[in-house]
2 protein chains.
Amino acid sequence: METLKDTLLQLSSFSDQEVEDIISHFKPVTLKKKGRFLTNGRVCRQIAYVEKGSLIYLQTSPEGDHIAIDFAFEGEFVAYLQSFLTETPADIDIIANEPTHLLVISKERLYHLYEKYSKMERIGRLLLEEGLMKMAKGRTIFQTMDNRERYLYVMKHSSKILERIPQYHIATYLGIKPESLSRIRRSLTQ
Amino acid sequence: METLKDTLLQLSSFSDQEVEDIISHFKPVTLKKKGRFLTNGRVCRQIAYVEKGSLIYLQTSPEGDHIAIDFAFEGEFVAYLQSFLTETPADIDIIANEPTHLLVISKERLYHLYEKYSKMERIGRLLLEEGLMKMAKGRTIFQTMDNRERYLYVMKHSSKILERIPQYHIATYLGIKPESLSRIRRSLTQ
DNA sequence: CAATTTCATTGACAATTGTTAAGAAATCAT
DNA sequence: ATGATTTCTTAACAATTGTCAATGAAATTG
């Protein structure tokens, strides 16, 4: 099982004492299925590490239907950067896709850690860069691939999504209707 | 005419002396039409302010055709953040869409300014946040709108693009074929 | 300015997707 | 377990887009 400790050590070189101190500032939070980590209209003031389970970033369209814009699984960090950085209300919900264990740290405590351990800032920067890359990549995929290609891309690079996320969420994530996703899946298994 | 000075003053509160000093670190660069600010394979080590003209961020697909992923006009900053931040080779070109005047600063000098004027860091952070927002918004637009809606969105929010960028570039920017763009345009004028 | 190239539009046809509706399969709650 | 709900699949038809080819307009070049 991958732990927060492992993840932090992979991102920067901390001593054992340092990591333990850093980890002690994260609080365990348990979400039931459909429990919320972030609620539409609120400012995202926390970052979470996913110990177990998975989450879905869900946007509600003007017409009222839900669109999945991202997912998070074990070993990943969760935050809505657009809200976290600018301290403006989020336009999405982040909900648990299944019973989920998180380790949560507030923005305040995180910035406190930045000051205590300058190496910690590197982690913040890496998360920001990673977020930027992910968005950019996501956009490129939409701009350059057709629906089947996007599905194959997810299949290759994020198979966890296909294994653990309901298909009607995967469909909105790919920007298509569930029926189209079904057709694509059928055409691939024959 | 909007100047770099105006733009900096809008983003943060500098004294006249400070702005003049900051501006003095930018070097004027003139690009002919199709001239390059960034070349595929090189690391983006500069940020430019567009005084006059416009630029296109162009990606080359595996099949060899060009896809416009972004544009920049007067009063905006230009850089390929993915390369600039991580110092990895860019996978795009940034070329002038017309004769263009830039004010260019190197990453080195910019970071030097960050140390000299802490207020300057705010500008760096704002540019980063802006970049992140832009990517996220761009992705959402692809995920939730059909081709006509995306065209109308650009029409409403970035009409400069429609006025000054060739349509075959706008088409790739919208993720469609030039023929489809033509049909959408016709259906709107009738 | 003429000649050439590039770009935008149009039409016909094929392929794909959205829409609507129905039924099968899986999941949930009691 | 079993009935109820949710999720997934399938089909038929309409609408949209891609593809290919041709034409005219516009821009570029010498």
Side-chain angles (χ1 to χ4, degrees), chain A residues 31-35 53-54 56 58 61-68 71 95-100 141-155 161-190, chain B residues 31-35 53-54 56 58 60-68 71 95-100 141-155 159 161-190:
Chain A
L31 294 178
K32 295 179 199 166
K33 184 168 182 176
K34 296 192 184 174
S54 54
I56 309 181
L58 271 187
S61 78
E63 293 80 30
D65 30 48
H66 299 293
I67 298 150
F71 309 102
I95 66 171
N97 177 52
E98 54 191 316
T100 296
I141 287 167
F142 269 102
Q143 205 171 0
T144 62
M145 296 183 184
D146 65 21
N147 298 339
R148 167 185 268 106
E149 287 170 332
R150 280 206 296 285
Y151 180 77
L152 290 171
Y153 183 88
V154 171
M155 206 167 154
I161 293 178
L162 306 190
E163 289 157 14
R164 293 167 59 182
I165 305 290
Q167 291 200 27
Y168 65 96
H169 278 145
I170 297 177
T172 65
Y173 179 69
L174 294 172
I176 58 179
K177 301 290 163 186
E179 294 89 340
S180 282
L181 179 54
S182 255
R183 283 189 286 236
I184 289 168
R185 284 164 53 80
R186 182 174 40 158
S187 81
L188 290 173
T189 57
Q190 282 171 358
Chain B
L31 293 179
K32 294 180 200 167
K33 183 168 181 172
K34 296 191 184 176
S54 54
I56 308 181
L58 272 187
T60 303
S61 77
E63 294 79 30
D65 30 46
H66 299 292
I67 298 150
F71 308 104
I95 66 170
N97 177 51
E98 53 192 316
T100 296
I141 287 166
F142 269 101
Q143 205 171 0
T144 63
M145 297 183 184
D146 64 21
N147 298 338
R148 167 185 268 108
E149 288 170 333
R150 281 205 295 284
Y151 180 78
L152 290 171
Y153 183 89
V154 171
M155 208 167 156
S159 56
I161 293 177
L162 305 189
E163 289 156 15
R164 293 167 60 182
I165 305 290
Q167 291 201 25
Y168 65 100
H169 279 144
I170 298 177
T172 65
Y173 179 68
L174 294 172
I176 58 180
K177 301 290 162 184
E179 293 91 339
S180 282
L181 178 55
S182 257
R183 285 189 284 235
I184 289 170
R185 284 164 52 81
R186 182 174 37 156
S187 80
L188 290 174
T189 59
Q190 282 172 357

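Since the structure is predicted, the reported quantities are computational estimates derived from the model, not experimental observations. No hydrogens, no waters, no symmetry mates; every other heavy atom, side chains included, goes into these values. Here is how names work: the chains are called A, B, and so on, in the same order as the sequence lines, proteins then strands, and each is numbered from 1.
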Quick one: CE on A/M155 to CZ on A/R150, what's the gap to the nearest 0.5 Å? 16.0 Å

Side-chain contact, heavy-atom cut-off 4.5 Å: B/N97 with B/F71? no

In whole angstroms, the gap separating P of D/dT19 from CD1 of B/I176 amounts to 12 Å

Which nucleotide, C/dT10, C/dG18, C/dT9, lies nearest any side-chain atom of B/Q167? C/dT9

Is there a side-chain contact between B/H66 and B/I56 (heavy atoms, below 4.5 Å)? no

If the cut-off is 4.0 Å, is B/R186 near the phosphate of C/dG11, judged by side-chain N/O to OP1 or OP2? yes

Polar pair under 3.5 Å, donor/acceptor by atom type, side chain B/R183, base D/dG18: yes

Please determine if a side-chain N or O atom of B/R185 lies less than 4.0 Å away from the OP1 or OP2 oxygen of C/dA8. no

Interatomic distance, B/H169 NE2 vs C/dT6 C1' [rounded to whole Å]: 12 Å

What contact category does B/N147 fall into here, base, sugar-phosphate, or nothing, at under 4.0 angstrom with non-hydrogen atoms? sugar-phosphate

Which is true for B/K33 with a 4.0 Å heavy-atom rule: it touches a base, it touches only sugar-phosphate, or it touches nothing? sugar-phosphate

Assign A/S182 to base, sugar-phosphate, or nothing according to its heavy-atom contacts below 4.0 angstrom with the strands shown. base

Can you figure out which of C/dA21, D/dT19, C/dA8 approaches the side chain of B/K177 most closely? D/dT19

Comparing nearest nucleotides in DNA chain C, the 5'-proximal residue of the pair B/P166, A/S180 is B/P166

